[in-house]
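Note on naming: letters A, B, ... go to the chains in the order of the sequence lines (proteins, then strands), and numbering restarts at 1 for each one. Heavy atoms only: backbone and side chains are in, while hydrogens, waters and symmetry mates are out.
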2 protein chains.
Amino acid sequence: MTRDPHGPDSGRSAVRRPASIKDVAAAARVSPTTVSHVLSGNRPVNEQTAARVRSVVNRLGYVPASLARSLQAGSTSVIGLMIPDISNTFFAELAKGAEDAAHDLGYGVILCNTEFDAEREDRYLGMIRSRFIDGMVYASGSPPSRRRLEALMGRFPIALADEEVDGLEGALIATADHEAGGRLVGEHLRELGHRRALMVTGPRELKSGVARAGGFVKAFQGHVTERVGDFKEHSGYRLVSELLAAGDPDFTAVFAANDLMAFGALTALREAGLSVPGDVSVVGFDDIRAASLAHPSLTTVHQPAYDVGRTATAQLLQYVSRGEVPPASRHTLPVELKVRASTAPPAR
Amino acid sequence: MTRDPHGPDSGRSAVRRPASIKDVAAAARVSPTTVSHVLSGNRPVNEQTAARVRSVVNRLGYVPASLARSLQAGSTSVIGLMIPDISNTFFAELAKGAEDAAHDLGYGVILCNTEFDAEREDRYLGMIRSRFIDGMVYASGSPPSRRRLEALMGRFPIALADEEVDGLEGALIATADHEAGGRLVGEHLRELGHRRALMVTGPRELKSGVARAGGFVKAFQGHVTERVGDFKEHSGYRLVSELLAAGDPDFTAVFAANDLMAFGALTALREAGLSVPGDVSVVGFDDIRAASLAHPSLTTVHQPAYDVGRTATAQLLQYVSRGEVPPASRHTLPVELKVRASTAPPAR
DNA sequence: TTGTAAGCGTTATCAG
DNA sequence: CTGATAACGCTTACAA
């Protein structure tokens, strides 16, 4: 028994097959071609005919299947957004910017939350090869996997957001000015009178963290102890705790390469009975929402996460929407130092 | 110099048309059918032939076009996730749960960030009618628009997350136990000795807020002044400020229907020179990340945002993946009172 | 074990 | 101004 969408009662519980362009054409006694053109406006149609078609469209509740349209057009108007953790406010802001830019151009965004999991990332990258998405905004925040590089090097439409990737100098990339951020922190602490600092960096593979550290060291011009963290709160806590436990810490200020680790540092210092900023100053990076609410409120570098996401996406779509391959280009967005309560001149 | 895809030699730099199943078939001297079956395993294929096909697949870098597959199958393995603001950590957590559940079942998630914009919401709801997505997890957090209701009532596969919608008692819904949360707060404040409270609610159209208030009033059994906010920080600030400015506030505790408004209240109290919790206790709802970092840290009701997203999605997909319409059902997830530093017995 | 052909629902091309 | 036909790239009866 076949289903007839016009049937008197195709039955309440069953899922009715939605009307197709053919159903509309038949009911309006025109060809599918004409229906298509009435809806798209791609060529003039007699007003009488058009009216008849439109009325049938309404009556049947016809909505064109975008899938078929995509197949025919060769593009889906959907892009992927690859990020490691959507519950991190930095990436959430970035996602918002990406979604906004995509929405402006009529694109949808598939959320690819990797949890730093390479396998998961690979699966999502596969979507681009299966042509389910027209491009990818990539902000994975972890070192490149083999398949990832393959996809990128294969000149698939990908834009890097916030983070460069080694060996991909020829990509489209939008990023905050990490080095300038580091420099601002270095200058700030130096001006306050600090001469010995602890820098908690991110993993060496991540260029952004390296740039932050580089800018800082250059501007601080004092003694810097470096420790490598992983951008998670606990590593900030652990590294600072260890140094304090080892006795006589050789720093009056801590610069963590992101706010999360700065929070960890704050906790470690508090537990050690040190006051912030009385005994030790602390600076973060990112300016996530919690930074201004923490106690003491955190001096940090504001990253324009929203703009990074928005810029990367807008740039990508500018080319993708014309069927072109995005060329190499770099968009560096300005950062800003937010001086709050966690920094002060060193004691003595 | 422009790129001309039709040029005499679109050669090396141009975008090569990706290999299709026909290309593979031709190169392997078999029919497309066989290629399909080698890849899907849907019917046995001679091992020799299969090997030959696989080798060609590798050589050509063939990846099946999921679009065509979807068209044929009548489903995309993609769902939509409608939320008002991805940069709100509550919704970000919810999104994470949804993405996780979807990923487990091989589904992709299209991020539909509405910014509380009805037009934007409508556009996204259109996707479900155009069959680009197989279902929708709906957590919009604003009163229903006409089209929304239409979509929902039309028995499209939609699951409500976190928020009921009026007139949709027959939907699949996963939500935190808002009423129990309100009750916990009421009991807590009562036990501390408070007898007069200010309750800052959300908009009346949102059932979750109403349930929170209801539970609270019932359990508190004292005098409650109610003011209607909009779930944004500023409204908490404004409402409390106004009451304080009017002189002699008739409360020793404030219960805000979400953390954001509680933060606003905190600011208003501080500006009025009142100490928290010394003069006034403050309680929020949601337990967003900033709640534990604020000063004083905020007593609040922890909502299992991740679980709400995960449950709604898992439930939805359980039916959608079988082509069934999700039946009415309700999943109420437990909440937990987090007692922190913003509550204490009333002065005197 | 394999192939042919008919879809899935559109839109572009070409003809009238 | 309108229509028939052929794609788009895949899966799946039905046949051999």
Side-chain angles (χ1 to χ4, degrees), chain A residues 2-3 5 15-53 56-57 60-77 127 129-134 323, chain B residues 5-6 15-54 56-57 60-77 127 129-134 323:
Chain A
T2 69
R3 292 238 190 62
V15 184
R16 259 210 310 273
R17 179 177 65 78
S20 81
I21 199 170
K22 279 187 198 166
D23 301 323
V24 175
R29 297 183 321 265
V30 294
S31 73
T33 309
T34 298
V35 176
S36 173
H37 286 120
V38 167
L39 264 38
S40 70
N42 270 349
R43 83 181 183 191
V45 174
N46 178 293
E47 191 41 52
Q48 297 255 327
T49 321
R52 188 153 30 96
V53 168
V56 172
V57 164
L60 301 187
Y62 167 68
V63 180
S66 40
L67 223 53
R69 197 176 277 190
S70 294
L71 179 60
Q72 145 72 32
S75 69
T76 57
S77 289
M127 298 182 81
R129 308 202 61 199
S130 76
R131 281 151 289 154
F132 198 90
I133 56 179
D134 292 349
Chain B
H6 310 295
V15 185
R16 261 208 310 273
R17 179 176 66 79
S20 81
I21 199 172
K22 278 189 197 164
D23 300 325
V24 175
R29 296 180 325 263
V30 295
S31 74
T33 307
T34 298
V35 176
S36 173
H37 286 121
V38 167
L39 264 37
S40 72
N42 270 350
R43 85 180 181 193
V45 174
N46 176 294
E47 191 40 52
Q48 297 253 326
T49 321
R52 189 153 31 98
V53 168
R54 273 190 281 267
V56 172
V57 164
L60 300 187
Y62 169 66
V63 179
S66 41
L67 221 54
R69 198 179 286 203
S70 295
L71 180 60
Q72 142 75 32
S75 69
T76 57
S77 287
M127 298 181 81
R129 309 202 60 201
S130 75
R131 281 151 291 155
F132 198 90
I133 58 180
D134 292 349

Subject >> Touch class at under 4.0 angstrom, heavy-atom based, for A:Thr49 against every strand present >> reply: sugar-phosphate

Original post:
For B:Val56 and B:Tyr62, what are the C-alpha separation, side-chain angles and deciding distance, and is it a side-chain contact (heavy atoms from CB on, under 4.5 Å)?
Top reply: CA-CA 8 Å; B:Val56 172; B:Tyr62 169 66; over 6 Å; no

Subject >> Smallest separation among heavy atoms of B:Gly61 and A:Arg129, with atom names >> reply: O-NH2, 3.8 Å

**OP:** Please list, chain by chain and in numerical order, all residues satisfying side-chain contact (heavy atoms from CB on, under 4.5 Å) with B:Thr76, sequence neighbours excluded.
**Re:** A:Leu67, A:Phe132, B:Ser70, B:Val78, B:Asp134

Residues 23-32 of chain B side chain polar contacts: donor-acceptor under 3.5 Å, at least two apart:
{"residue": "B:Asp23", "atom": "OD2", "partner": "B:Arg17", "partner atom": "NH1", "Å": "3.4"}
{"residue": "B:Asp23", "atom": "OD2", "partner": "B:Ser20", "partner atom": "N", "Å": "2.7"}
{"residue": "B:Ser31", "atom": "OG", "partner": "B:Thr33", "partner atom": "N", "Å": "3.4"}
{"residue": "B:Ser31", "atom": "OG", "partner": "B:Thr34", "partner atom": "N", "Å": "3.3"}
{"residue": "B:Ser31", "atom": "OG", "partner": "B:Thr34", "partner atom": "OG1", "Å": "3.4"}

Subject >> side-chain contact (heavy atoms from CB on, under 4.5 Å) partners for B:Ser77, two or more places apart >> reply: B:Tyr107

Original post:
If we fit an axis to the first five pairs and another to the last five of the helix from C:dT1-D:dA16 to C:dG16-D:dC1, what angle do they make, to the nearest 10°?
Top reply: 40°

Original post:
If you walk 5' to 3' along DNA chain D, what is the first nucleotide with an atom under 4.0 Å of a heavy atom in chain B, and what is the last?
Top reply: D:dG9 to D:dC14

Original post:
So how far is it from B:Ser66 OG to B:Leu71 CG, rounded to the nearest 0.5 Å?
Top reply: 11.5 Å

**OP:** Could you run through nucleotides 7-14 of chain C and give me one letter per nucleotide, 5' to 3': B if any protein heavy atom sits under 4.0 Å from the base, S if only the sugar-phosphate is that close, - if neither?
**Re:** BBBBBB-B

**OP:** Return the set of residues passing side-chain contact (heavy atoms from CB on, under 4.5 Å) with B:Arg131 (not counting sequence neighbours), or none when no residue passes.
**Re:** A:Pro18, A:Ala65

Original post:
Of all residues at least two apart in sequence or in a different chain, which pass the side-chain hydrogen bond (donor to acceptor under 3.5 Å, both in side chains) check with B:Ser36?
Top reply: none

Original post:
Can you pull the salt bridge (charged side-chain N to carboxylate O under 4.0 Å, His left out) pairs that have at least one residue in residues 42-54 of chain B, sequence neighbours excluded?
Top reply: B:Glu47-B:Arg54

